[in-house]
Amino acid sequence: MNAAQRNEFFARLQESIPEPITELKYRTRFQLLVAVILSAQATDLSVNRATRKLFRVAGTPKAIQELGVSGLKKYIRTIGLYNTKAFNIIKTCSILLEDHAGRVPHERSALEALPGVGRKTANVVLNTAFGEPTIAVDTHIFRVANRTGIAKGRSVLQVEHGLLRATPEPYLKTAHHLLILHGRYICRARRPLCTECVIADICGFSEKTS
DNA sequence: ATCCCGAGGG
DNA sequence: CCCTCTGGAT
């Protein structure tokens, strides 16, 4: 894909997606961090259902820490991987309180030092909470990048670096949400809606499957 | 490479 | 039944 096509790629995605923002519900950076940890291998709908009650009762590091692991589990039992997530979130709350004055750190290294936070979650927080030009490669973006050919790679890190090079500067801050929302609703894992896709003509995938 | 792990869709 | 969902730790 050449430079003109890459520009067209993002220009059309932006036109078709008026609000390229997260669908996770949160009020503070801390709540976003918790929601993103919970979103691993889970739908945002499932996460929002749980956090609606959780954040109403406990929306701060101190309040969630006071719930304890078993107390927190009661709110997130309907989300997959809840044992690990409950343990990690309680531990993350104590680290935030002890080392960061209860605030979410802006540094990648400090974010990735939190249990349950890897490169993908750190990238989401840096982009969504702090407005940094990061691209978090999740299951959707990995699929969209490889299918369309905007950035091919076998590993998520490979795709992340490819996307950062392939994305025109004006789209660096919104690329993450443009790609993920396109992947969720159009370029779906199964039965992608190529006939409704605004970039089908510059994508190598749809003609291969017809 | 494997485990964790509920809910929704087909 | 199957696959998929904004992964991380070992």
Side-chain angles (χ1 to χ4, degrees), chain A residues 13 17 19-26 29-54 69-70 72-93 95-96 104 108-148 150-151 153-160 163-164 167 172-193 209:
Chain A
L13 286 187
I17 302 172
E19 287 188 279
I21 56 175
T22 182
E23 294 184 339
L24 293 171
K25 293 181 181 173
Y26 65 99
R29 285 174 174 159
F30 168 72
Q31 293 183 2
L32 173 68
L33 172 64
V34 171
V36 179
I37 292 174
L38 288 172
S39 73
Q41 299 293 282
T43 63
D44 59 346
L45 202 67
S46 161
V47 172
N48 287 337
R49 265 202 310 270
T51 55
R52 180 175 176 178
K53 286 186 181 178
L54 173 63
V69 174
S70 58
L72 176 56
K73 276 185 194 175
K74 292 174 183 168
Y75 293 95
I76 66 173
R77 232 177 242 145
T78 53
I79 307 176
L81 316 179
Y82 63 89
N83 279 306
T84 310
K85 289 172 181 175
F87 180 84
N88 285 338
I89 288 170
I90 294 299
K91 179 66 179 170
T92 284
C93 286
I95 295 177
L96 291 181
V104 177
R108 173 186 298 284
S109 56
L111 286 168
E112 292 188 10
L114 302 169
V117 180
R119 186 172 184 86
K120 180 261 169 183
T121 298
N123 277 333
V124 174
V125 172
L126 287 171
N127 178 260
T128 306
F130 293 104
E132 299 289 345
T134 57
I135 298 179
V137 179
D138 62 2
T139 177
H140 292 301
I141 295 186
F142 186 78
R143 179 180 66 250
V144 172
N146 275 298
R147 264 189 192 163
T148 59
I150 186 79
R154 294 160 217 81
S155 72
V156 292
L157 197 58
Q158 229 169 25
V159 170
E160 180 184 330
L163 282 173
L164 288 173
T167 305
L172 273 177
K173 287 189 180 180
T174 52
H176 169 69
H177 289 113
L178 289 175
L179 292 166
I180 197 171
L181 292 172
H182 181 67
R184 181 176 299 163
Y185 296 114
I186 302 294
C187 196
R188 309 183 299 194
R190 288 192 284 181
R191 297 187 305 113
L193 304 176
T209 57

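Chain naming here is simple, since letters A, B, ... match the order of the sequence lines and numbering starts at 1 in each. The shown structure was predicted, so the numbers you read here are calculated from the model rather than taken from an experiment.
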Chemist: When the distance from CG of L181(A) to P of dC5(C) is rounded to whole Å, what number comes out?
Modeler: 14 Å
Chemist: OP1, OP2 of dA7(B) versus side-chain N and O of S46(A): anything below 4.0 Å?
Modeler: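 Indeed not, no polar side-chain atom of S46(A) lies that close.
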Chemist: How far, in whole Å, is dC5(B) from dC3(C) if one measures between their C1' atoms?
Modeler: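 After rounding to an integer number of Å, I get 14 Å for this pair.
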Chemist: Atom NZ of K74(A) and atom CG of L54(A): how far apart are they, to the nearest 0.5 Å?
Modeler: 13.0 Å
Chemist: Hey, does I180(A) reach any base, or is it just sugar-phosphate, or nothing, if we go heavy atoms under 4.0 Å?
Modeler: base
Chemist: Any side-chain N or O of R191(A) below 4.0 angstrom from OP1/OP2 of dG10(B)?
Modeler: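 Affirmative; the distance criterion is met.
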Chemist: Starting at the 5' end of DNA chain B, which residue's closest nucleotide do you reach first, N83(A) or L45(A)?
Modeler: N83(A)
Chemist: What contact category does V117(A) fall into here, base, sugar-phosphate, or nothing, at under 4.0 angstrom with non-hydrogen atoms?
Modeler: sugar-phosphate
Chemist: So if I take every side-chain heavy atom of R190(A) and compare against dG10(B), dC3(C), dC5(C), which nucleotide ends up nearest?
Modeler: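 Of dG10(B), dC3(C), dC5(C), dC3(C) is nearest to the side chain of R190(A).
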Chemist: Taking all heavy atoms of R119(A) and all of E112(A), pick out the closest pair and write down the distance.
Modeler: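 Heavy atoms only, the tightest pair is CA-OE2, 3.4 Å.
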Chemist: Expressed as a whole number of angstroms, how long is the span from I89(A):CD1 to dC4(B):P?
Modeler: 19 Å
Chemist: What is the distance, to the nearest angstrom, from the NE2 atom on H182(A) to the C1' atom on dT6(C)?
Modeler: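 Distance check: H182(A) NE2 to dT6(C) C1' gives 16 Å.
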Chemist: Taking CG from N88(A) and P from dG8(C), how many angstroms apart are they, rounded to a whole number?
Modeler: 10 Å
Chemist: Rounded to the nearest angstrom, tell me the gap between atom CZ in R188(A) and atom P in dC5(C).
Modeler: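 Rounded to the whole Å, the gap is 11 Å.
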Chemist: If the cut-off is 4.0 Å, is T121(A) near the phosphate of dG8(C), judged by side-chain N/O to OP1 or OP2?
Modeler: yes
Chemist: Ignoring the backbone of R184(A), work out which of dG9(B), dG6(B), dT6(C) is nearest its side chain.
Modeler: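 Nearest nucleotide to the side chain: dT6(C).
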Chemist: Check the side chains of N123(A) and R108(A) for a donor-acceptor pair under 3.5 angstrom, ignoring hydrogens and angles.
Modeler: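 There is such a pair between these side chains.
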Chemist: Between dG6(B), dT6(C), dG7(C), which one does the side chain of H177(A) approach most closely?
Modeler: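 Nearest nucleotide to the side chain: dT6(C).
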Chemist: Rounded to the nearest 0.5 Å, how far apart are CG of D44(A) and OG1 of T51(A)?
Modeler: 10.0 Å
Chemist: Could you tell me the separation between the CD1 atom of I17(A) and the P atom of dT6(C), rounded to a whole number of Å?
Modeler: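 Answer to the nearest Å: 14 Å.
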Chemist: Set out, in order, the CA-CA distance, both residues' side-chain angles and the distance that settles side-chain contact (heavy atoms from CB on, under 4.5 Å) for E160(A) and V156(A), then state yes or no.
Modeler: CA-CA 6 Å; E160(A) 180 184 330; V156(A) 292; over 6 Å; no
Chemist: Between L114(A) and R143(A), which is nearer to the 5' end of DNA chain C once each is assigned its nearest nucleotide?
Modeler: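 The 5'-side residue here is R143(A).
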Chemist: What distance do N127(A) atom CG and L172(A) atom CG have between them, rounded to the nearest 0.5 Å?
Modeler: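 These two atoms lie 10.0 Å from each other.
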Chemist: Looking only at N and O atoms, is any donor in the side chain of T43(A) or the base of dT4(C) less than 3.5 Å from an acceptor on the other one?
Modeler: no
Chemist: Mind calculating the distance between CZ (F87(A)) and P (dG8(C)) to the nearest angstrom?
Modeler: 17 Å
Chemist: Please state whether the phosphate of dT6(C), meaning OP1 or OP2, lies under 4.0 angstrom from any side-chain nitrogen or oxygen of H176(A).
Modeler: no
Chemist: As a test of reading the structure: which of dA7(B), dT4(C), dG8(C) is closest to the side chain of A189(A), going by heavy atoms?
Modeler: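 Nearest to the side-chain atoms of A189(A), counting from C-beta on, is dT4(C).
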Chemist: In whole Å, I'd like the distance from the CG atom of N48(A) to the C1' atom of dA7(B).
Modeler: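 Taking CG of N48(A) and C1' of dA7(B), I get 14 Å after rounding.
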Chemist: If we take the P atom in both dT6(C) and dG10(B), what is their distance in whole Å?
Modeler: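 Here dT6(C) and dG10(B) have their P atoms 15 Å from each other.
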Chemist: If you only use heavy atoms from C-beta on, which nucleotide in dG7(C), dT6(C), dA7(B) is closest to the side chain of A40(A)?
Modeler: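 Shortest atom-to-atom distance from the side chain points to dG7(C).
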Chemist: Of the options dC4(B), dT6(C), dC5(C), whose atoms approach the side-chain atoms of L81(A) most closely?
Modeler: dC4(B)
Chemist: Does the side chain of Q41(A) get closer than 4.0 angstrom to OP1 or OP2 of dG7(C) through an N or O atom?
Modeler: yes
Chemist: Are more than 12 heavy atoms, taken from residues, nucleotides or ligands other than K25(A), located less than 6.0 Å from that residue's NZ atom?
Modeler: no
Chemist: Can you tell which of dG8(C), dG8(B), dG6(B) lies closest to the side chain of R49(A)?
Modeler: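 My answer, after comparing the listed nucleotides, is dG8(B).
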